[in-house]
Structures are given as structure tokens and as C-alpha cells.
Amino acid sequence: MSTILLAGGAGYIGSHTAVELLESGYDVVIADNFSNSCPESVKRVEQITGKSVKLYEVDIKDAAKLENVFSENSIDAVIHFAGLKAVGESVEKPVLYYRNNIDTTLSLLECMNKYGVKNIIFSSSATVYGEENPVPYTEEMKRGTCTNPYGWTKVMMEQILEDTAKADSSMSVVLLRYFNPIGAHESGMIGEDPQGIPNNLMPYVAQVAVGRRDHLTIFGNDYPTPDGTCRRDYIHVVDLAKGHVKAVEYVMKNKGVEVFNLGTGTPYSVTEIVTAFEKANDIKIKYEYGQRRAGDLPESYANADKALKVLGWKTEKNLEDMCRDLWNWQRNNPQGYNK
Ligand code: NAD
Ligand code: WQD
């Protein structure tokens with residue numbers, strides 16, 4: 001069976017993808033510096049699947065150290081999750097973000113070139129559609145203007161990968177544009193474990209539910225949407241992980257560059273999703289309305305037709321599943337992996 005290197009695989013999406021790959025019969029190697037994760041997530045992946053993962057603690061920016069991973073394993077494809085992802089922090093520390101996100105990509109491409117690895121799947125984001133494109137987003141739309149350095153790193157990395165594939169016709173690149181991944185594995189053993197105050201909506205909601213935060217502030221209720229709060233395309237992280245298994249099959253059979261949206265195609269507002277969490281788990285979430293957050297778009301959601309047509313992938317879980325599984329993880333792990 002093929003061996004897949006998950007760069008940044010100890011993180012939220014990487015750990016869920018590791019489970020799905022192992023359960024589909026792939027061998028998994030993870031390289032991570034644990035800057036936003038911990039080895040415990042990988043142990044839990046092993047417990048869920050009953051299979052072992054080869055784990056390397058390495059800063060992927062450091063191509064010389066990363067080379068060790070390539071020399072010791074026969075890698076068939078790389079999935080590149082390794083990156084910093086906090087939008088607000090990227091505005092305050094742009095150089096850190098450009099350095100980390102671009103350099104991890106360049107190091108991976110250099111090692112792949114040296115060891116003849118031709119297949120790479122990249123964790124891109126709906127954020128590359130920018131401010132100009134109308135919803136629902138389709139893959140052939142031009143990348144737009146981002147509102148923050150994090151988004152620009154994704155735009156730049158997509159360009160770097162496209163240029164690399166253009167120069168080497170034996171390469172296969174898949175750019176996956178994720179929408180808003182939430183939820184957790186149904187075992188409740190792995191999930192999202194943000195450091196400090198969560199930047200994203202659902203981890204914040206879960207921490208209010210478990211008593212770590214007093215209340216949620218909903219950022220703005222005067223947007224041009226049905227209930228005035230922003231609408232997003234929330235996708236269950238296990239559906240997203242399964243999309244990676246399909247992308248692995250695809251990247252190994254094809255050449256060139258292909259882009260796929262991974263979303264449900266259905267937007268929900270902040271108010272709707274908070275209400276859904278309350279109903280699914282029979283819990284009240286204390287919230288108040290506050291100011292808009294800088295850089296937020298009123299709406300972001302996918303046209304998910306291409307992934308269905310080309311990869312044969314579509315989401316299977318609904319909003320209730322996302323809310324229930326998120327709470328199952330948070331309730332079982334109130335302090336995340338720190339117990
Ligand atoms: P995450 O922070 O949980 O996972 C990223 C992993 O990369 C972490 O384990 C971190 O320690 C590791 N990492 C970062 N820099 C590294 C380096 N220099 N060397 C080695 N490891 C490094 O984030 P996630 O939510 O799992 O996201 C995975 C990828 O998907 C990221 O690239 C992110 O930008 C992208 N993405 C995430 C979302 C989302 O909402 N979660 C949406 C769109 C795109
Ligand atoms: C969702 C909605 C907020 C927190 C971000 C990145 C994107 C992607 C996914 C990351 C918005 C509202 C939030 C809170 C709130 N990549 N909200 N109170 O902004 O759609 O996307 O994460 O790697 O690139 O920009 O997700 O979860 O932060 O916000 O009202 O405390 O919830 O205003 O409308 P977003 P989010």
C-alpha cells in the first residue's frame with residue numbers, strides 16, 4: 001500500500017485525515033513541530049485505528065532536517081497541512097506567517113524534487129476567493145483580494161505549486177480549498193484544541209458550553225443576510241478528511257494541477273449554528289451581539305459540484321452531527337489534549 005506523508009499531520013485536520021487514510025489501508029508518516037499541536041493527538045489516532053504512525057518532530061522549514069523524513073521513507077504523496085492559521089495574528093505578525101507558510105512549502109517541494117516524489121495535496125482555503133467573487137464560489141473563479149496576510153500566504157502557495165507543476169509535467173498537484181471545518185471524530189478522542197482564546201466560532205462556542213468562557217460575542221448583526229449575521233459553509237471535519245482520501249486517489253492517477261472546493265454548498269448564519277448547537281446538545285449558550293470583526297465577509301460558501309463530479313466525494317454529515325460531535329469531544333476533553 002502507498003505511504004502518505006502528512007506535513008502538519010498532528011493538527012486538527014491532519015489528525016482526522018490520518019484516521020481516514022489508515023482506515024483506508026494507507027501507511028501514514030507525520031512530520032510536525034507541534035507549534036500548534038501535540039504528540040498526544042497522534043497517539044489517539046493510533047488508538048482509534050489500532051494502527052501505528054511514524055512520527056517525526058521536525059520544523060518543516062528546515063529542509064536539511066526534513067530530508068531525513070524523505071530518506072527514511074518511500075513516500076508516494078504528500079499532504080501539506082503545515083501552516084500557521086490565525087487570521088488576526090497574521091495581521092500583527094505578517095513576517096512570521098510569510099516565513100513559516102511559504103518556507104514550509106518550499107522545503108517540501110525541494111525534498112520532493114530531490115527524492116522523486118511527484119504528488120502533493122495542499123490545504124488551501126476559501127479565503128483565496130477574496131472580496132470580489134460572488135457566492136457560491138466555483139473553482140474557475142480568479143483568486144481575489146485577501147483581507148489579511150494569512151490569506152495571501154494561501155494565494156502565494158497556490159501560485160508556487162502551480163508554477164512548480166508547470167515546470168515539471170510529471171508532477172501532480174491538488175489544491176483543496178476548505179470552507180469552515182468544525183466538529184470532531186465521533187469517538188470524541190480527537191478534535192480541535194486551540195491554544196489560548198479561540199479565534200474561530202465553534203471552538204469558542206464549545207468552550208462557553210464547557211464553562212471555560214463566560215459568553216460568546218457574535219460579531220455583527222447588521223450584515224446584508226437574512227438574520228443580519230454572517231453566513232458560512234460549515235463542514236464536518238470527518239467529511240473533510242474523507243475528501244483527502246479521494247484526493248490522494250486522484251493525485252496519484254493524474255498529472256498537472258486541479259483545484260477542488262471542499263464544502264457542503266449550504267450556508268448557515270452564526271445565529272443558526274449557535275441555535276443548532278443548543279438544540280443538538282440541550283445546552284444554553286450565553287451570547288451577546290457585538291461589533292463586526294474587521295475583514296469578515298457577509299457570506300462565504302462553496303459550489304461543491306466539482307468534487308462530486310471528479311472525485312466522487314460529497315459531504316454525508318449534517319449540522320446536527322457537527323454540533324453533537326464537537327460537544328462530545330469538548331465534554332470528554334474539557335482542557336483539550338492537556339486533559
Ligand atoms: P492546525 O494548526 O491544527 O494544524 C497545522 C499543523 O501544522 C499543526 O500541527 C502545527 O504544529 C503544524 N505546523 C505549523 N508550522 C509548522 C512547521 N514549520 N513545521 C512543522 N509543523 C508545522 O490547523 P488545521 O486547522 O489542522 O489546518 C491545517 C491546514 O489547513 C493549515 O494549513 C490551515 O491553514 C488550512 N486550513 C484550515 C482551515 C480551518 O478552518 N481549520 C480552513 C482552511 C484552511
Ligand atoms: C465564522 C463566523 C465570525 C468568532 C476563518 C478564516 C478562513 C478559514 C476558516 C482558517 C464569522 C463569527 C466568530 C466569535 C463570531 N481558515 N464569529 N464570534 O472567519 O469564516 O474563517 O477560519 O484556517 O480563512 O478566515 O471563521 O470561525 O472565525 O468565523 O461571531 O467569537 O463566526 O464573525 O461570521 P471564518 P470563524
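Remember, predicted model here, so these are calculated numbers, not experimental data. Remember, it's 1-based here, ligands and their atoms both numbered in the order they're listed. No hydrogens, no waters, no symmetry mates; every other heavy atom, side chains included, goes into these values.
A salt bridge is absent between R231 and E272; no separation between the charged side-chain nitrogens and carboxylate oxygens falls under 4.0 Å.
For ligand 2, the atoms lying closer than 4.0 Å to a non-hydrogen atom of N199 are 4 (C), 28 (O). Counting atoms of ligand 2 from 1 in the listed order, those under 4.0 Å from a heavy atom of C230 are 34 (O). Those atoms of ligand 2 with a heavy atom of D296 less than 4.0 angstrom away are 3 (C), 19 (O), 33 (O). Less than 4.0 angstrom separates some heavy atom of V87 from each of these atoms of ligand 2: 6 (C), 25 (O). Short contacts between ligand 2 and L216, defined as distances under 4.0 Å to a heavy atom of the residue, involve ligand atoms 14 (C), 18 (N), 31 (O).
If you look at Y250 and F260, their ring centroids are closer than 6.0 Å. Taking the six-membered ring wherever Trp is involved, the centroid distance between the rings of Y337 and W329 falls below 6.0 Å. In this structure, H80 has its ring center under 6.0 Å from that of F122.
Ligand 2 lies less than 4.0 angstrom from a heavy atom belonging to Y234. Note on ligand 2: S125 sits in its first shell, one or more heavy atoms being nearer than 4.0 Å.
The shortest N or O to N or O distance between M202 and ligand 2 is not below 3.5 Å. For ligand 2, the polar-atom distance check finds an N/O of R293 within less than 3.5 Å of one of the ligand's N/O atoms. No N or O atom of I218 sits closer than 3.5 Å to an N or O atom of ligand 2.
The aromatic rings of Y137 and Y129 sit parallel, their planes meeting at an angle under 30°, below the 60° perpendicular limit. Ring orientation note: the planes of H185 and H16 are tilted relative to one another, at an angle of 30° to 60°.
In the hydrophobic clustering of ILVMFWY residues, with side-chain heavy atoms under 4.5 Å counting as a link, L201 and L297 come out apart.
In terms of modelled atom types and a separation under 3.5 Å, the side chain of N328 and the main chain of E186 share a donor-acceptor contact.
Between Y223 and E299, the side chains place no donor N or O within less than 3.5 Å of an acceptor N or O (distance only, hydrogens not considered).
For Y150, every heavy-atom contact with ligand 2 shorter than 4.0 Å involves the side chain, none the backbone.
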Distance dump, ligand 1 polar atoms to protein, N/O, under 3.5 Å:
from     : atom 1 : to   : atom 2 : distance (Å)
ligand 1 : 2 (O)  : N36  : ND2    : 2.7
ligand 1 : 3 (O)  : Y12  : N      : 2.8
ligand 1 : 9 (O)  : G11  : N      : 3.3
ligand 1 : 9 (O)  : D32  : OD1    : 3.2
ligand 1 : 9 (O)  : D32  : OD2    : 2.6
ligand 1 : 9 (O)  : S37  : OG     : 2.7
ligand 1 : 11 (O) : D32  : OD1    : 2.7
ligand 1 : 11 (O) : S35  : N      : 3.1
ligand 1 : 11 (O) : S35  : OG     : 3.3
ligand 1 : 11 (O) : N36  : N      : 3.0
ligand 1 : 11 (O) : S37  : OG     : 3.3
ligand 1 : 15 (N) : N100 : ND2    : 3.1
ligand 1 : 18 (N) : D59  : OD1    : 2.9
ligand 1 : 18 (N) : N100 : OD1    : 2.9
ligand 1 : 19 (N) : I60  : N      : 3.0
ligand 1 : 21 (N) : N33  : N      : 3.2
ligand 1 : 21 (N) : N33  : OD1    : 3.1
ligand 1 : 25 (O) : K85  : NZ     : 2.8
ligand 1 : 26 (O) : Y12  : N      : 3.2
ligand 1 : 26 (O) : I13  : N      : 2.8
ligand 1 : 32 (O) : F81  : O      : 2.9
ligand 1 : 32 (O) : K154 : NZ     : 2.9
ligand 1 : 34 (O) : Y150 : OH     : 2.6
ligand 1 : 34 (O) : K154 : NZ     : 3.0

